[in-house]
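Because the structure is a prediction, the values reported are computed rather than measured.
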Amino acid sequence: MTHIKICGITELHDAIAAIEAGADMLGFNFYPPSPRSVSAKQCAQISAVLNKEFPHITLVGVFVNFPNHEAEQILSDCGLHLAQLHGDETPETLATFQAKAYKAFRGIPEQQDYTEYVRATPHVFPAFLLDASVKGLFGGSGKTTDWSAAENLAKIFPILLAGGLTSENVAAAISHVRPWGVDTASGVEHLPGKKDIGKMKAFVEAVRS
């Protein structure tokens with residue numbers, strides 16, 4: 001089964017709607033320049049409800065070049081299960097999270113790069129996330145990833161495919177790449193940070209088809 005992560009959650013009702021639509025992973029963005037960013041306090045209020053009512057859902061904190069101790073503190077305070085490191089973090093940084101983090105790559109990484117990150121967290125699923133490379137942006141660009149290159153990596157690792165995925169193209173992406181999971185943010189919104197229930201349902205239905 002292809003895992004589904006809906007990222008950029010900013011409100012509880014959007015989180016619940018995403019879960020009811022069929023998502024099994026939710027992402028909370030702690031990168032302040034992003035229109036989808038949340039504070040640790042906001043996230044903690046949302047995740048307290050989710051962990052009580054939907055304990056089977058994996059909650060992910062998205063960090064860009066955060067100091068390790070701050071990101072780890074947010075994971076703890078908010079009851080999040082995984083950290084997605086979306087900046088320029090090193091494999092050594094990843095390893096400090098002790099199997100509670102994975103790296104997000106903007107663009108297709110060189111073999112040496114992804115191998116080192118996978119070695120740092122050998123038992124984490126997904127092994128890493130692949131997003132589109134857009135200058136000045138750390139995700140949420142709406143641009144698609146190189147599916148052909150991603151397909152080669154998906155044959156080796158359980159990858160989470162991101163980058164411009166919508167209900168219109170996600171079935172084709174899955175058919176082409178065969179990823180462990182898919183990740184969407186802007187593809188299921190009516191405004192940045194505001195999810196569209198109809199789009200989330202359509203996205204999940206397309207994945208499950």
Side-chain angles (χ1 to χ4, degrees), residues 5-11 14-15 18 23 25-47 58-110 113-114 116-118 120-121 124-146 150 153 159-165 181-189 191-195:
K5 175 170 171 276
I6 293 182
C7 203
I9 296 293
T10 62
E11 298 177 349
D14 281 351
M25 301 177 76
L26 299 180
F28 298 88
N29 192 326
F30 295 97
Y31 181 55
S34 171
R36 301 173 184 88
S37 67
V38 293
S39 67
K41 182 178 180 180
Q42 287 174 300
C43 181
Q45 292 172 340
I46 297 170
S47 60
T58 300
L59 306 181
V60 182
V62 179
F63 302 95
V64 178
N65 299 327
F66 254 66
N68 289 23
H69 67 282
E70 289 186 23
E72 290 171 352
Q73 190 64 54
I74 289 174
L75 287 183
S76 176
D77 292 346
C78 295
L80 304 180
H81 307 109
L82 289 171
Q84 177 179 306
L85 305 186
H86 217 110
D88 306 306
E89 300 85 2
T90 65
E92 291 74 23
T93 297
L94 192 65
T96 65
F97 286 84
Q98 299 181 344
K100 289 187 177 181
Y102 60 89
K103 186 74 176 75
F105 293 106
R106 303 185 304 281
I108 303 300
E110 298 293 332
D113 290 337
Y114 66 71
E116 290 179 359
Y117 283 101
V118 171
T121 54
V124 174
F125 288 81
F128 50 84
L129 177 145
L130 291 181
D131 200 354
S133 178
V134 178
K135 186 176 181 179
L137 293 179
F138 293 90
S141 68
K143 302 296 184 181
T144 55
T145 311
D146 182 342
L153 290 174
I159 69 167
L160 189 56
L161 183 69
L165 296 179
V182 289
D183 183 319
T184 187
S186 62
V188 291
E189 292 178 337
L191 289 171
K194 307 299 181 183
K195 302 310 181 197

Step by step, work out the side chain to side chain contact (heavy atoms under 4.5 Å, CB included) result for D88 and R106. CA-CA 10 Å; D88 306 306; R106 303 185 304 281; 3.4 Å; yes
Exercise: identify the closest heavy-atom pair between D14 and G193: OD2-O, 4.0 Å
When you compare the side chain of D183 with that of Q84, does any pair of heavy atoms fall below 4.5 Å? yes
Parallel, tilted or perpendicular, as decided by the 30° and 60° cut-offs, for the rings of F128 and F105: perpendicular
So, does T184 use its side chain to make a donor-acceptor pair with the main chain of L165 at under 3.5 Å? yes
Apply the side-chain contact (heavy atoms from CB on, under 4.5 Å) test between Y102 and each candidate in L85, V118, L160; give the one that qualifies. L160
Suppose we screen for side chain to side chain contact (heavy atoms under 4.5 Å, CB included). Which residues come up paired with T90, at least two apart in sequence or across chains? E92, T93
Under 3.5 Å: donor-acceptor pair, side chain of H86, backbone of V64: no
Side-chain touch S37/Y31, heavy atoms, less than 4.5 angstrom: no
Using side-chain heavy atoms (C-beta onward) and a distance below 4.5 Å, is I74 in contact with F28? no
Using the rule given for side chain to side chain contact (heavy atoms under 4.5 Å, CB included), can you reason through K5 versus L26, listing the C-alpha separation, both sets of side-chain angles and the distance that settles it, and then say yes or no? CA-CA 5 Å; K5 175 170 171 276; L26 299 180; over 6 Å; no
For A18 and I6 the tightest heavy-atom approach is CB-CD1, 3.9 Å
Taking the side chain as every heavy atom from C-beta outward, state whether H69 and T96 have any pair of such atoms under 4.5 Å apart. no
Using every non-hydrogen atom in the two residues, find where L130 and A150 come nearest and quote the distance to one decimal. CD1-CB, 3.7 Å
Is any NZ, NE, NH1 or NH2 atom of the basic residue among K195 and E11 found under 4.0 Å from an Asp or Glu carboxylate oxygen of the other? no
Would you check if L129 and I159 make a side-chain contact, meaning some heavy-atom pair closer than 4.5 Å? no
Any V62 side-chain heavy atom under 4.5 Å of S34 side chain: no
In short, F30 meets G61 closest at the heavy-atom pair CE1-CA, 3.9 Å
What pair of heavy atoms forms the shortest contact from A120 to L94, and how long is it? CB-CD2, 4.3 Å
Give me the atom names and distance for the closest heavy-atom approach of A83 to L75. CB-CD1, 3.9 Å
With the side chain counted from C-beta on, respond yes when F97 and T121 share a heavy-atom pair under 4.5 Å apart, and no when they do not. no
Can you measure from SG (C78) to CD (Q45) and round to the nearest 0.5 angstrom? 9.5 Å
Is there a donor-acceptor pair under 3.5 Å between the side chain of N29 and the backbone N or O of G8? no
Exam field: side chain Q42 to backbone S39, donor-acceptor pair closer than 3.5 Å: yes
Please confirm whether the backbone N or O of G79 pairs with a side-chain atom of S47, one donor and one acceptor, at under 3.5 Å? no
Is T145 close to I108 at the side-chain level, that is, under 4.5 Å between some pair of heavy atoms? yes
About how many Å separate CZ of F66 and CD of E72, when rounded to the nearest 0.5 Å? 12.5 Å
